[in-house]
Structure formats: C-alpha cells, structure tokens
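Every chain is numbered from 1 and lettered A, B, ... according to where its sequence line falls, protein lines coming before strand lines.
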Amino acid sequence: MDNAQLALLLALALPGAAFVFLSAAWLLGWTPREKFITRLTASVYLLAFAAAGSLGWRMHERELASVSVDLRGWFDVAGYQFPLILLVDRLSYPLVVMTVALTGLIGKFSSTYLHRDRGFFRFYVLLHLFAFGALFVFCAGSIDALVLGWELVGITSVLLIAFFQYRSGPVENALRVFAFYRGCDIGLLVGAALLHHDGPPSPVTLGLLFLLAAAGKSAQVPFSGWLPRAMEGPTPSSAIFYGAISVHIGAYLMLRTRPFWEQSVAAIAAVAIVGAVTAIYGTLAGRVSPDAKNSLANASLAQVGLIFVETAFGLQTLALMHILGHAAVRTLQFLRAPSALHDYHRIHAAAGGHLAPTGRHVETLLPEALRLWLYRFALDRGHLDTGLQRVLITPLFALSALLRRLDEVGGGLRTSRPEPLLESRRPIDA
Amino acid sequence: MPDSILWVSILIPLLGAGASRLAAPRIVAVAASALSALCIIACAAGGSQQHEFGLLSISPVNQSALILFPLLCTAVLFAAPKRDMTPAMAGGSLTILAGTLLAYASVTQPVLLAGWILSALPFIAGPFTSEGNWRPRAALGLSCIALAAAMQLPEFPYLIVAAIVLRKGIFPAHAWFDESVERGPLLPSALLFAGHLGAFLRLRAHELDDVLLSNLALLTAAYTAIRAVAESRPRRVLALISLSQAACLLAGIESGTVIGNTGAMLHWIVVSLSTTGLFLALRLAEVRFGESLDTRSFHGLAEHAPRRAVLFAVCGLALVGLPGTLGFISEDLLIHGTLDSHSHLSVLLPVATALNAVSIVRLFAHLFLGRLKRERSVAMDLLPRERLALACLAVALFVTGIWPKPIVDVQGRTFEFLKTAHTAKARP
C-alpha cells in the first residue's frame with residue numbers, strides 16, 4: 001500500500017474512528033466534556049484535511065487520474081464478492097476535501113452554537129458518523145460500497161432532524177423524512193442488485209432507479225416536501241446536510257452513474273425534467289417562505305435542480321463546480337441564518353434604505369390571476385405533500401387498517417389490553 | 001463420548017425446567033441454558049463435518065442454530081425482569097430450549113417431531129396458554145398434527161408445507177404470533193419465534209420443490225410489513241415486523257441459489273439476535289414505565305433510559321439492514337439471491353424491508369423520543385445484567401457486520417452440504 005492509498009484510508013477512517021470512540025465511551029458510562037469533544041473533533045478534521053491534502057499532492061505529483069484501495073475479502077459467496085473498493089478520482093476528490101473541510105468548520109462553529117445544549121455530545125457523535133458516511137459515498141469505488149455510506153448519511157440526517165427530541169414537531173418531521181429516504185432508497189438497492197445479474201439491465205431501467213434514489217436524497221420533485229421539514233434540526237446540521245453535503249449526494253449519484261444510463265434518451269429526459277421542474281418549484285416556494293431557513297432550503301432545491309439538468313446534458317465539470325460553489329455559499333448562508341434579520345438591516349442601511357426586492361420585475365410581467373394562482377401554489381409547496389398524502393400515504397394506511405380488520409375476523413382480537421400471564425401490572429420494577 | 005454430551009445438552013434444560021420449581025428460577029434457568037450452550041460448543045468444536053451420534057447429529061446445517069439458540073435463551077433468562085422470572089416462566093422457556101435443540105439435532109423424523117412438539121408444548125398445554133388466546137394453541141397444535149401426518153404420508157408433500165406455514169406464521173396463518181405476543185407472555189413468545197423451526201424444517205425437507213411456499217413467503221413479508229404501518233400497539237408492531245423479516249428468510253431459502261441460501265442463513269442469525277433484543281428491550285420498558293405504551297403519542301423514555309433507547313435502536317435498525325451490522329450483509333445477499341429466482345416478486349423484499357424500517361423507527365420515536373409525561377415516575381435505565389445482555393446482542397450484530405467473513409464462510413457451506421445430502425439421497 002503506497003502513501004496515496006494510506007492517505008485515502010486515513011481521511012476516511014478518522015471520522016469513523018472518532019464516532020466509534022465516542023460511542024463506546026458513552027456506552028461504557030463516560031460522557032466526555034465539551035472541551036474534550038471539541039478538541040478531538042478539531043484534531044480529527046485537521047488530520048483528515050492533511051491526509052486529503054497529501055492525497056491530492058500525490059495525485060498531482062504522479063499525475064494519477066485516480067487512487068484506489070481494494071479491500072477485497074470482506075466476504076464472498078459462490079463467486080459473488082462484495083466489491084468493497086475505495087476510489088478517489090477527479091470527480092470525487094474535490095468533494096472529499098469539501099466534506100472534510102466543511103465538517104471541520106461546522107464542528108468548530110457548533111462548539112459555540114451548541115455550548116451547554118443537552119444534546120451537545122449527541123450532535124458530535126452523529127456529526128462524525130455523518131462525515132464517515134458521506135466520505136464513504138464519495139470514496140466508494142462500487143455501487144454496493146456507495147449504498148453503505150448512503151444509508152449512514154440517511155440515518156444520521158434523520159436523527160439530527162429529531163435533535164430537539166423533546167418537542168413532537170421535530171420528531172414527526174424526522175419520521176416523515178425517514179419514510180421518504182427509505183422509500184426512495186429502494187431504487188438504489190434494486191439498481192445495485194441488477195448490475196450484478198446476468199444480462200445487462202436496460203439503461204432506462206437503471207437510470208430511472210438511480211433517479212428515484214437521487215431524487216429522494218436531494219429532495220427533487222415530487223419528493224421536495226421533506227426538505228422544509230428537515231429545517232427542524234439545529235442550524236449547523238441544516239448547514240452541513242441541506243446546504244453542503246447531503247443534499248448534493250443525489251446529484252453526485254447521478255454524476256457517478258451517468259455511464260450506466262447516458263445511452264438512454266428517456267433517462268436523460270427524465271433527469272433533466274425532474275431537475276428543471278424542481279428548479280422552478282424551488283424558486284417559487286422560496287419566494288413565499290416566511291423564514292430564513294426555509295427560504296434557503298428552497299433556494300438549495302432550485303440550485304440542485306439545475307445541477308441535475310447539467311448532469312443530464314453531460315456538463316459534468318460544470319455540475320461539479322456548481323456543487324462546490326453552491327455548497328460553500330449555502331453553508332455560509334445557513335450559518336448566518338440566525339442573524340439573517342440583522343444582516344438584512346445592515347445591507348438595507350448600506351444600500352441607503354432602497355433595497356429592491358429581487359424578481360419583482362418578472363412578477364409584473366405575469367397576469368394578476370396567474371400571480372395569485374402561483375402564490376397559492378407556492379404557499380402549499382406545489383401541493384406535493386397533499387398529493388403524496390392522497391396518492392400514497394392515505395391508501396397505505398387504509399390498506400393497513402383493512403388488513404388489521406381481516407386479521408381480527410373471528411379472532412376476538414378487539415380486546416386491546418394484553419393479559420400478562422405472570423404478574424400484575426405494576427409500573428415500577430425492582 | 002460426544003454423543004452423550006449432545007444428549008446432555010438437551011437433557012440439562014429439561015432437568016432445569018423441573019429444578020426451577022424447587023430453587024431460584026433465574027439461577028437455575030441461566031445455568032441450565034448456559035451449560036447446554038457449552039456442551040454444544042464442545043461438540044461442535046471438532047469442525048464443520050457432520051458428526052452423527054445415533055439419533056442426533058451436528059452438521060453445517062444446524063451448527064450455528066444449535067450454538068446460537070441456547071446463548072439467546074441464556075441472555076433472555078439472565079436479563080428478564082424479576083416479575084417475569086417465575087418457576088412457570090423458567091420451566092416453560094427451558095422446555096422450549098430443549099425441544100428446539102432436539103429438533104435441530106435430530107437425524108430421524110420421529111426425533112424431529114418430538115422436538116417440534118416439545119418446543120410448542122408450553123404454548124399448547126403448558127404455562128403459556130391463556131383463556132381466549134386460542135390462535136397460538138390452534139396454529140402450533142395443527143402444525144404438530146400436520147408434521148406427524150406428513151411423516152406418515154410422504155406422498156402428500158403439502159402436509160410439510162402446512163406444518164411450515166402454521167409454525168412460521170406464513171400468510172394466511174400469520175395472526176397467531178402477534179396474538180401470542182400481544183396477549184401472552186412476551187419473552188417466551190420471542191424465544192419460540194427465535195427458534196425458526198419452520199425455516200429449519202424447510203432446510204431439512206430439501207426435496208420439497210414448492211413455488212407456493214416461496215410466493216407465500218414473499219407475500220407474507222409484504223403483508224405483515226403493510227399491516228405494521230398503522231399498528232399502534234408496540235408489541236404487535238414488533239411481532240409484525242419480526243414476521244415480515246422472518247418471511248424474507250424463508251424467501252431466501254426458497255430461492256434455491258447459493259447466494260440466497262447464504263443470505264437466508266445469515267438473516268436467520270440477524271432476525272434471532274435483533275428480535276430477541278427488541279422484545280427484551282420492550283419488555284424491560286413495559287416493566288419500568290407501564291404497559292400503556294402505544295404509538296399514538298410520544299413517551300419520551302429516552303430521557304431516563306438513554307442506553308435502553310440506543311440498544312433498542314441498534315437492534316431495530318440491524319433488523320432492517322443498518323450498514324455496519326450483519327443485517328446489511330444478509331439483506332444484500334437476500335436481494336441478490338431472490339432477484340435470480342423470483343425476478344418480479346423479489347421487488348417485494350426491499351419494499352417490505354423499507355416499510356419495516358419506517359415502522360421500527362416510528363416505534364422507536366414514539367417510545368423513546370418526545371417529552372416524558374409528568375405522570376410517569378422517574379425510573380432507572382438498564383440494570384447491569386440487562387445492559388450486559390442487550391450489549392452482547394448488539395455487539396454480536398456489529399462484530400459480525402464489520403468482520404463477516406468467518407460467519408459467511410460457515411453459512412455458505414450449508415448450501416453445499418444440503419446439495420451433497422440431496423444428491424446422496426437421490427442415488428439409488
């Protein structure tokens with residue numbers, strides 16, 4: 001194993017090791033103090049950044065297009081070997097550096113922002129797990145390995161949305177987001193499995209399956225309804241997830257898997273249409289958002305939609321630059337969101353009190369009736385939530401209730417209280 | 001000598017079942033199940049070849065189950081709440097253990113039938129029956145009759161299918177398990193379930209080439225997953241999710257592929273470890289916080305029981321394929337295996353797993369998150385023995401998930417062994 005491969009492994013392993021260390025310490029009964037956690041976090045990401053920098057230097061020095069590490073032998077069954085391969089190339093390397101850098105910055109920011117919050121320790125544990133998952137996605141050299149990191153990013157995202165777990169709103173929103181994630185991840189799981197089977201699957205099938213997964217993770221239409229709900233989490237997690245990294249992972253999936261579906265016009269059209277519709281939807285919804293974070297979330301949607309369009313048309317370098325630039329700007333905006341009003345007054349004053357609202361000139365071109373319709377449409381977030389509720393959630397619950405009634409027929413199951421066999425129902429056990 | 005050790009490993013729990021009425025039930029039960037496990041490990045230590053000891057044997061097919069099940073029983077009996085550890089509970093659980101081990105290790109059909117009946121006896125005519133709770137008794141009783149009839153009438157293979165369907169809780173005979181969990185004793189029901197004797201019978205009946213069973217398994221996986229979506233009672237939610245994931249196991253066996261079969265054997269371990277952990281954590285929560293828990297409101301139990309919450313979450317997510325656990329690997333292999341054999345129906349498997357994941361996270365969120373209700377008294381987190389048992393289950397899921405090669409290799413030999421046995425039987 002050469003230095004470049006070691007650097008790759010180190011950059012990936014450090015956040016994972018931090019997660020394991022903190023989790024194990026807690027389970028054994030020791031909760032580290034804030035100072036220890038923040039110093040550990042700073043050290044981890046400084047080292048990871050140095051490792052990533054070293055990796056980049058080696059790639060540049062030796063003019064390597066990619067660096068890979070084959071962790072073969074994870075397991076194999078009758079010739080099927082789980083391809084646990086790590087790969088960094090010119091597509092993923094910038095994203096690896098971005099992930100390490102932004103996570104380290106968020107860690108530093110959060111040490112003040114979440115100071116003395118009772119979830120401080122929990123936040124950092126999840127932050128490290130998230131970073132490990134995201135790095136795994138970007139360093140994955142196979143779709144199967146990508147799935148591993150993908151799932152970790154989803155779990156940590158949901159747990160951080162439910163960060164303020166003492167209120168029911170964040171928890172309910174987290175559940176909804178999780179339902180979206182798991183439903184859409186079916187596309188990735190089935191697509192990854194199909195790639196291993198005899199007879200190449202059709203490009204349009206693969207394209208649509210990966211698009212399903214990517215649209216779910218990146219909150220593209222019709223799955224955009226979850227993103228505003230995700231703003232329940234603390235501002236640093238909103239920044240790193242929905243400004244910087246998690247929201248772009250879907251776009252990265254489409255970039256990475258493009259060779260599988262680029263021959264299909266239907267798949268290209270689907271990706272482009274989803275992206276374009278999301279860009280328009282995000283713009284409209286952002287204009288009626290009442291709070292800063294929601295407004296930024298919708299703005300993120302619009303930009304990620306454009307990235308999907310760029311990917312569809314093969315503009316991969318542009319898409320990558322767009323991801324990097326957007327992530328940096330949006331992270332800053334999210335972190336400044338709590339001070340948005342103060343910033344606004346400052347800019348307003350600097351502009352001499354005459355700050356023109358953007359887009360007003362476009363609105364004046366539209367007929368009044370259309371403007372009103374668009375306003376209601378945007379306010380209800382494109383009726384996406386209502387539509388999904390009617391088309392999917394309500395029928396599913398109705399089916400579940402029907403199956404329950406079928407099961408209860410003749411069984412005398414209407415008594416809901418269980419009859420414990422052995423003891424009376426005292427609430428406290430010795 | 002080895003044959004007597006294997007018999008001893010089965011007789012010890014039976015003796016313990018009787019002795020638990022005379023002395024401290026927890027100590028006797030834990031000692032009996034632990035000793036049984038040690039005896040089996042000693043027998044199996046000789047390697048993965050088949051060892052026949054008269055009426056009993058250890059082979060690649062039953063080796064993992066023989067070792068795992070008594071260890072699970074030990075964990076459950078060690079960590080069970082004090083109010084549950086009565087002589088009846090200890091005796092009934094040890095009877096389940098003895099019967100299941102007998103079935104696993106059986107060479108001949110009558111011994112298999114004896115184990116099948118013995119393991120179900122506590123629920124048919126023993127301490128775990130209750131008035132009005134007829135479905136478990138009926139299903140288990142009928143499965144015993146079906147298996148006995150199948151042995152007398154081998155020309156009717158559908159009798160074996162009926163025995164598997166009834167015992168395993170495959171649609172349409174699935175409702176007995178969640179009724180047993182809801183209205184009967186939780187931990188013994190979990191132990192009975194963790195035996196997976198229906199799946200074991202399917203492995204043994206390798207000449208059974210039945211499309212119906214595989215399709216029913218996939219249908220059950222989807223049916224019970226949908227059923228769990230709107231269920232509000234935690235016990236039933238867990239029961240339905242367990243049934244769904246166990247049906248995926250059967251679908252993997254039915255795939256007839258090495259990959260599917262290996263995935264199924266790994267999934268067997270995942271389902272056994274995870275469901276045992278989940279049922280144990282739920283029972284401990286009920287005992288601490290009352291049995292009025294449901295998913296219509298948030299209970300906030302994590303405020304006072306954070307470690308219980310974490311271990312519950314780990315077991316639950318491992319069941320539905322959390323990366324880093326054995327569940328991720330088993331799910332991967334199952335999807336690959338069933339795609340080969342049931343290309344259209346196999347999409348039900350990831351759909352069912354996704355629905356189960358949502359249900360388990362919903363259950364976790366409603367039980368452990370939110371604000372702790374004022375009327376609940378402050379209660380402690382896990383006791384040391386409870387923490388040890390649950391942590392062992394969680395650690396097992398993680399260690400095998402990060403370093404799966406040894407266990408994958410062991411389980412991978414099952415298919416080859418079965419193929420060889422089938423070929424040998426078919427030869428004139």
### Message
Do A/Ile186 and B/Val351 make a side-chain contact, defined as non-hydrogen atoms from C-beta onward lying under 4.5 Å apart?
### Response
yes

### Message
For a side chain to side chain contact (heavy atoms under 4.5 Å, CB included) check, start with the C-alpha distance between A/Tyr166 and B/Glu303, then their side-chain angles and the critical distance, and finish with the verdict.
### Response
CA-CA 9 Å; A/Tyr166 307 107; B/Glu303 197 171 325; 4.1 Å; yes

### Message
Minimum heavy-atom separation for B/Arg227 and A/Ser400, please, with both atom names.
### Response
O-OG, 3.0 Å

### Message
Return the CZ to CG distance between A/Arg167 and B/Leu369, rounded to the nearest 0.5 Å.
### Response
13.0 Å

### Message
Can a donor-acceptor pair be found, under 3.5 Å and without considering hydrogens, that links the side chain of B/Trp403 to the backbone of A/Trp74?
### Response
no

### Query
Should A/Ile155 and B/Val361 count as side-chain neighbours, where that means a heavy-atom distance under 4.5 Å?
no

### Task
State, to 0.1 Å, how close A/Val77 and B/Val258 come at their nearest heavy-atom pair, and which atoms those are.
CG1-CG1, 3.8 Å

### Message
Can you tell me which of B/Ala225, B/Pro306, B/Ala313 forms the most heavy-atom pairs within a distance under 4.5 Å of chain A?
### Response
B/Pro306

## Note on the structure
Comparing B/Arg387, B/His174, B/His366 against chain A, the one with the most heavy-atom pairs below 4.5 Å turns out to be B/His174

### Task
Answer whether the closest heavy-atom distance between the side chains of A/Leu189 and B/Glu331 falls below 4.5 Å.
yes

## Note on the structure
Among B/Asp409, B/Ile335, B/Leu322, B/Ile402, the residue with the most heavy-atom pairs under 4.5 Å to chain A is B/Ile402

### Summary
Tightest non-hydrogen contact, residues A/Phe75 and B/Leu333, listed as CE1-CD2, 3.9 Å

### Message
So for B/Val408, is it side chain, backbone, both, or neither that comes closer than 4.5 Å to the heavy atoms of chain A?
### Response
side chain

### Task
Could you tell me whether the side chain of B/Tyr223 reaches within less than 4.5 Å of the side chain of A/Asp407, counting heavy atoms only?
yes

### Message
If you count heavy-atom pairs within less than 4.5 Å of chain A, which of B/Ala365, B/Ser297, B/Pro406 leads?
### Response
B/Ala365

### Task
Answer with side chain, backbone, both or neither: which region of A/Leu402 has an atom nearer than 4.5 Å to a non-hydrogen atom of chain B?
neither

### Task
Answer with side chain, backbone, both or neither: which region of B/Ile407 has an atom nearer than 4.5 Å to a non-hydrogen atom of chain A?
neither

### Query
Does the side chain of A/Val171 come within less than 4.5 Å of B/Phe368's, by heavy atoms?
no

### Task
Taking all heavy atoms of A/Val147 and all of B/Phe328, pick out the closest pair and write down the distance.
CG1-CE1, 3.9 Å

### Task
Using non-hydrogen atoms and a 4.5 Å limit, figure out which bit of B/Leu186 sits close to chain A: side chain, backbone, both or neither.
neither

### Message
Counting only non-hydrogen atoms closer than 4.5 Å, does A/Ala192 touch chain B with its backbone (N, CA, C, O), its side chain (CB onward), both, or neither?
### Response
backbone

### Query
Is there a side-chain contact between A/Trp26 and B/Arg307 (heavy atoms, below 4.5 Å)?
yes

### Query
Are any side-chain N or O atoms of B/Arg371 and backbone N or O atoms of A/Gln165, one a donor and one an acceptor, separated by less than 3.5 Å?
no

### Query
Can you name the nearest heavy-atom pair linking B/Val320 to A/Arg182, along with the distance?
O-NH2, 3.6 Å

## Note on the structure
Value for NE2 (B/His336) from CZ (A/Phe82), rounded to nearest 0.5 Å, stands at 8.0 Å

### Query
Going through the checks in order, is the side chain to side chain contact (heavy atoms under 4.5 Å, CB included) test met by B/Val358 and A/Arg176?
CA-CA 9 Å; B/Val358 173; A/Arg176 200 158 180 133; over 6 Å; no

### Query
chain B heavy atoms under 4.5 Å from A/Trp150: which part of the residue, side chain, backbone, both or neither?
neither

### Message
If we define contacts as heavy-atom pairs under 4.5 Å, which of B/Val310, B/Thr257, B/Leu284, B/Ile329 has the most with chain A?
### Response
B/Ile329

#### Entry: Spatial distance of atom OG1 (B/Thr224) from atom CG (A/Leu403) [nearest 0.5 Å]
10.0 Å

### Query
Heavy-atom distance under 4.5 Å to chain A: side chain of B/Asp332, backbone, both or neither?
side chain

#### Entry: Closest-packed option against chain A by number of heavy-atom pairs under 4.5 Å, given B/Gly300, B/Pro188, B/Ala230
B/Ala230

### Query
At what distance, to the nearest 0.5 angstrom, does CG of B/Asp178 lie from CZ of A/Arg404?
10.0 Å

### Task
Measure distances from A/Leu148 to the heavy atoms of chain B and classify the residue's part below 4.5 Å as side chain, backbone, both or neither.
both

